[in-house]
**Q** 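Following this message is one structure expressed as structure tokens.
For ligands, and for the atoms within them, numbers begin at 1 and follow the listed sequence. Reckoned from all heavy atoms, side chains included, excluding hydrogens, waters and symmetry mates.
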Amino acid sequence: MQVFEAVRTVLAIRSYKPESIPPATVRKILEAGRLTASSMNLQPWHFIAVESREDLRALGEMAATGPYIAEAGFAVAVATEPTKYSESDAGRAIQSMILTAWEEGIVSNWVGFYGLDDAAEYLGIPDEMDLLAIIPFGYSESATSGGHKKRKPFSDVVHKGRFGKRFEE
Ligand SMILES: Cc1cc2nc3c(=O)[nH]c(=O)nc-3n(C[C@H](O)[C@H](O)[C@H](O)COP(=O)(O)O)c2cc1C
């Protein structure tokens, strides 16, 4: 899949077949996170791969905005060290993992930022770090055509040269 095609079609998917994902694919998704660029190359992140059904169910109960973690094939909890740029750095790493998974036919979504304190404790994340998000990954429950995005019109958010000047399409 070409990069733009992945960006164009990827969707937030919130239900999964309770099926495990091949270890090599899990590893590839995690590697995509690890390889991501970060400010000053600080790499202020830790990726906790959660694969046991018991743990996935427990996280689904704790994450207020992501009960569907319970059904995932696996999930990645993304913990950040407290640097000025850790949210933007980890956000990029998360997008790398989501797009890599999408190319492999695996859907996902970002769960966070709220209500993750219990999950952080459950996962043993040190107090000085934040649990930014949990990303459940899985095979889609239904056929996912992708690309049906609700986005603001191009002309509302893209400007040419100066704010407010129309970028002709
Ligand atoms: C930073 C961020 C945080 C998000 N947090 C949640 C969340 O906690 N729970 C959830 O169900 N979806 C969450 N989402 C998914 C968004 O709601 C979803 O991507 C958005 O509505 C657009 O839908 P689409 O990705 O299918 O086009 C989050 C997405 C982002 C980028």
**Q** Work out which heavy atom in Trp45 is nearest to a heavy atom in Gly33; give both atom names and the distance.
**A** CZ2-O, 3.9 Å
**Q** So, taking the atom named CD1 in Ile21 and the one named CD in Glu104, what distance separates them when rounded to the nearest 0.5 Å?
**A** 10.0 Å
**Q** Could you tell me whether Asp127 atom CG has more than 12 heavy atoms of other residues or ligands within 6.0 Å of it?
**A** no
**Q** Can you tell me how far OG1 of Thr83 sits from CG of Asp89, rounded to the nearest 0.5 angstrom?
**A** 5.5 Å
**Q** Considering non-hydrogen atoms only, spot the tightest contact between Ile94 and Ile135 and give its length.
**A** CG2-CD1, 3.5 Å
**Q** Sequence neighbours excluded, which residues qualify as ring pair (Phe, Tyr, Trp, His ring centres under 6.0 Å) partners of Trp102?
**A** none
**Q** Under a 4.0 Å heavy-atom cut-off, which residues neighbour ligand 1?
**A** Leu11, Ala12, Arg14, Thr65, Tyr68, Asn109, Trp110, Val111, Gly112, Phe113, Arg151
